[in-house]
Protein chains: 2
Amino acid sequence: MSANSRLTIAAHALAWIGLYQRQGHEVATSEQIAASASTNPVVIRRLLGDLRQAGLVESRRGVGAGWSLARDLESMTLLDVYEAVEPGPLFALHRAAPDPGCVVGHGIQPAMQRIYDVIEETLRRELARVTLKDVLQDVLAVPR
Amino acid sequence: MSANSRLTIAAHALAWIGLYQRQGHEVATSEQIAASASTNPVVIRRLLGDLRQAGLVESRRGVGAGWSLARDLESMTLLDVYEAVEPGPLFALHRAAPDPGCVVGHGIQPAMQRIYDVIEETLRRELARVTLKDVLQDVLAVPR
DNA sequence: AGCTGTCGTAACAATAATAGTTACATCGCT
DNA sequence: AGCGATGTAACTATTATTGTTACGACAGCT
């Protein structure tokens with residue numbers, strides 16, 4: 001599957017900002033986060049832009065600008081992040097509509113869609129069980 | 001997410017073969033299945049090739065060649081199909097390794113990996129609950 | 001007012017995966 | 001031998017993600 005790293009990078013960014021603020025800083029810049037995540041600042045700004053729309057972070061502009069958490073890490077779950085940065089569904093149906101004249105072609109899409117809906121709901125439940133505070137805690141618990 | 005339709009098309013193919021055999025035919029051709037799924041026969045042959053490696057279908061060559069089920073649809077689950085046609089993980093880690101000198105960069109990958117492992121295991125459990133017989137039954141239950 | 005550092009965003013290139021297509025060797029039955 | 005299908009390589013097309021450059025907008029400072 002063409003898995004992407006958006007959820008990983010977004011979680012990285014949130015954990016980074018959270019830790020940075022815990023150390024007494026007001027805001028974090030996209031450049032700092034990008035350096036830690038080994039990517040481009042624009043990638044971070046785009047992701048954090050999505051997270052801001054979801055109400056997870058805030059940004060300041062001008063000199064001394066940067067990003068800060070809009071809520072406590074404890075109140076954010078991976079589901080919040082997932083919904084903010086992953087638009088599409090997990091599994092796709094057919095690219096072109098299957099033959100409606102065939103019994104299987106006719107019934108397969110509603111049948112699979114119902115299955116996929118159940119599976120995505122389960123995925124959501126799992127994602128909702130992990131808070132970003134948990135993530136940061138796990139990160140800090142990794143031995144050097 | 002760049003969702004793909006492999007699982008959908010593979011399930012479609014299996015349901016089609018199952019129904020076709022139920023109607024008394026010995027083997028199904030990739031061309032027939034491709035017509036029902038609105039795709040190219042080669043795409044079907046490639047997917048069925050993966051399913052054959054997993055022991056779900058068999059193929060005959062020569063005249064009167066085609067594909068048949070290697071086992072009863074009841075004994076196949078969507079997990080079997082998923083494992084046969086989806087190589088990669090659901091979520092990717094960073095493309096480039098994060099900064100190991102940063103606390104977050106150092107700990108984020110093992111932390112996220114552990115979370116992803118749990119989530120994938122949950123996904124597997126859900127997929128394993130649905131047999132291909134269920135799928136065909138659902139397909140046939142869709143009203144015209 | 002002007003300077004500075006950062007966001008916000010557009011535009012484009014690079015990379016990668018999936019899917020579609022053509023072509024053809026190979027196989028096995030009649 | 002002829003036929004109809006698989007098996008597979010090679011290539012193209014499409015699409016999504018990621019990376020990069022560029023630059024306007026903004027806000028605080030001197």
Side-chain angles (χ1 to χ4, degrees), chain A residues 1-10 12-13 17 20 25-35 37-53 57-68 70 82 85-98, chain B residues 1-10 12-13 17 20 25-35 37-53 57-68 70 82 85-98:
Chain A
M1 186 165 270
S2 67
N4 64 37
S5 58
R6 299 163 91 92
L7 185 59
T8 302
I9 305 293
H12 186 143
I17 299 173
Y20 199 59
H25 301 92
E26 287 269 325
V27 297
T29 70
S30 58
E31 195 159 1
Q32 295 172 314
I33 301 168
S38 294
T39 182
N40 192 289
V42 175
V43 173
I44 299 297
R45 290 205 285 270
R46 281 197 289 233
L47 279 173
L48 288 180
D50 291 339
L51 296 182
R52 178 185 44 209
Q53 272 203 305
V57 300
E58 287 167 345
S59 66
R60 264 189 236 167
R61 308 185 60 164
V63 171
W67 304 83
S68 55
Y82 177 79
V85 303
E86 296 282 3
L90 211 50
F91 299 107
L93 296 181
H94 307 64
R95 270 199 180 179
Chain B
M1 186 166 272
S2 66
N4 64 38
S5 58
R6 298 163 92 89
L7 185 59
T8 302
I9 304 293
H12 185 143
I17 299 172
Y20 198 58
H25 300 91
E26 286 269 325
V27 296
T29 70
S30 59
E31 195 160 359
Q32 295 172 315
I33 301 168
S38 294
T39 181
N40 193 289
V42 175
V43 173
I44 299 296
R45 290 205 287 271
R46 280 197 289 235
L47 278 172
L48 288 179
D50 290 339
L51 296 183
R52 178 183 45 208
Q53 274 203 305
V57 300
E58 287 166 346
S59 66
R60 265 189 236 166
R61 308 186 60 166
V63 171
W67 304 84
S68 54
Y82 177 80
V85 304
E86 295 282 2
L90 212 50
F91 299 107
L93 296 181
H94 308 64
R95 269 201 180 177

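Values below: all heavy atoms of this structure, side chains included; hydrogens, waters and symmetry mates excluded. Residue numbers start from 1 in every chain, and the chains themselves are labelled A, B, ... in the order their sequence lines are given, proteins ahead of strands. For clarity, every value in this text was computed on a predicted model and none was experimentally measured.
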Q: By nearest heavy atom, map B:Ala96 and B:Arg60 onto DNA chain D; which one lands nearer the 5' end?
A: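 It is B:Arg60, whose closest nucleotide lies nearer the 5' terminus.
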Q: Could you work out, with side-chain hydrogen bond (donor to acceptor under 3.5 Å, both in side chains) as the rule, every residue matching B:Arg45, not counting sequence neighbours?
A: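 Applying side-chain hydrogen bond (donor to acceptor under 3.5 Å, both in side chains) to B:Arg45 gives B:Ser30.
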Q: Looking only at side-chain atoms of A:Arg52, point me to the closest of D:dT17, C:dT9, C:dG20.
A: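 Minimum distance to the A:Arg52 side chain belongs to C:dT9.
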Q: Which atoms form the tightest heavy-atom contact between B:Ile9 and A:His94, and what is the distance?
A: CD1-CD2, 3.4 Å
Q: D:dT18 C1' sits how many Å from B:Leu93 CG, rounded?
A: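 After rounding, the reported distance stands at 16 Å.
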Q: Kindly calculate the angle separating the two end axes of the helix from C:dA1-D:dT30 to C:dT30-D:dA1, each obtained from five base pairs, and round it to 10 degrees.
A: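 One end's axis against the other's: 0°.
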Q: What's the CG-C1' distance between A:Leu48 and C:dT6, to the nearest Å?
A: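 Distance check: A:Leu48 CG to C:dT6 C1' gives 13 Å.
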Q: Specify the residue among B:Arg95 and B:Gly49 whose closest nucleotide of DNA chain D lies further upstream toward the 5′ end.
A: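 Here B:Gly49 is the residue nearer the 5' end.
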Q: What heavy-atom pair brings A:Val27 and A:Ala65 nearest, and what distance separates the two atoms?
A: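 In terms of heavy atoms, the two residues are closest at CG2-O, 3.5 Å.
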Q: Starting at atom CG of A:Asn4, determine the distance to atom C1' of C:dT18, rounded to an integer number of angstrom.
A: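 Taking atom C1' of C:dT18 as the reference, CG of A:Asn4 is at 15 Å.
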Q: Do nucleotides 22-30 of chain C as a string where each nucleotide becomes B, S or -: B if the base has a protein heavy atom under 4.0 Å, S if just the sugar-phosphate does, - if no protein is that close.
A: BB--BBBB-
Q: Heavy atoms under 4.0 Å, any strand shown: does A:Gly66 hit a base, just sugar-phosphate, or nothing?
A: sugar-phosphate
Q: Minimum heavy-atom separation for B:Tyr20 to B:Ala28, with atom names?
A: CD2-CB, 3.9 Å
Q: Is there a side-chain polar atom (N or O) of B:Ser59 under 4.0 Å from OP1 or OP2 of D:dT6?
A: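 False: B:Ser59 side-chain N/O out of range (4.0 Å or more) of D:dT6 OP1/OP2.
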Q: Does D:dT18 have its OP1 or OP2 closer than 4.0 Å to a side-chain nitrogen or oxygen of A:Arg6?
A: yes
Q: To the nearest angstrom, how far is A:Asp50 atom CG from D:dT18 atom P?
A: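 The distance from CG of A:Asp50 to P of D:dT18 comes to 12 Å, rounded to the nearest Å.
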Q: Classify the side chain of A:Arg46 and the base of D:dG19 as holding, or not holding, a donor-acceptor pair under 3.5 Å.
A: yes
Q: Checking B:Thr39 now: which residues fulfil side-chain hydrogen bond (donor to acceptor under 3.5 Å, both in side chains) with it, not counting sequence neighbours?
A: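 Testing B:Thr39 for side-chain hydrogen bond (donor to acceptor under 3.5 Å, both in side chains), a comparison that skips the adjacent residues, returns none.
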Q: How many whole angstroms separate atom CD1 of B:Ile33 from atom P of D:dT6?
A: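 It is 8 Å, rounded to the nearest whole Å.
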Q: Is there a donor in the side chain of B:Arg60 and an acceptor in the side chain of B:Ser68, or the other way round, less than 3.5 Å apart?
A: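 No, B:Ser68 and B:Arg60 have no side-chain donor paired with an acceptor closer than 3.5 Å.
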Q: Just how far, in rounded Å, is P of C:dG20 from NE2 of A:His94?
A: 10 Å
Q: Grab the CD-C1' distance between B:Gln53 and D:dG7 for me, whole Å please.
A: 12 Å
Q: Please state how far atom CD in B:Glu86 lies from atom P in C:dT18, giving the value in whole angstrom units.
A: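 One finds 7 Å between P of C:dT18 and CD of B:Glu86, rounded.
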Q: Given C:dT6, D:dT6, D:dT18, identify the nucleotide with an atom nearest to the side chain of A:Thr29.
A: C:dT6
Q: To the closest 0.5 Å, what do you measure between CD1 (A:Ile17) and NE2 (A:His12)?
A: 10.0 Å
Q: In chain order, what residues pass the side-chain hydrogen bond (donor to acceptor under 3.5 Å, both in side chains) check against B:Arg95, with sequence neighbours excluded?
A: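 None.
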Q: Just to verify, what does A:Ser38 make a side chain to side chain contact (heavy atoms under 4.5 Å, CB included) with, not counting sequence neighbours?
A: B:Ala96
Q: Looking at A:Gln32, is its backbone amide N or carbonyl O close enough to the side chain of A:Thr29 to form a donor-acceptor pair, meaning the two atoms are under 3.5 Å apart?
A: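 Such a contact is found between A:Thr29 side chain and A:Gln32 backbone.
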Q: Verify the contact: side-chain N or O of B:Thr39 to OP1 or OP2 of C:dA19, cut-off strictly under 4.0 Å; return yes or no.
A: no
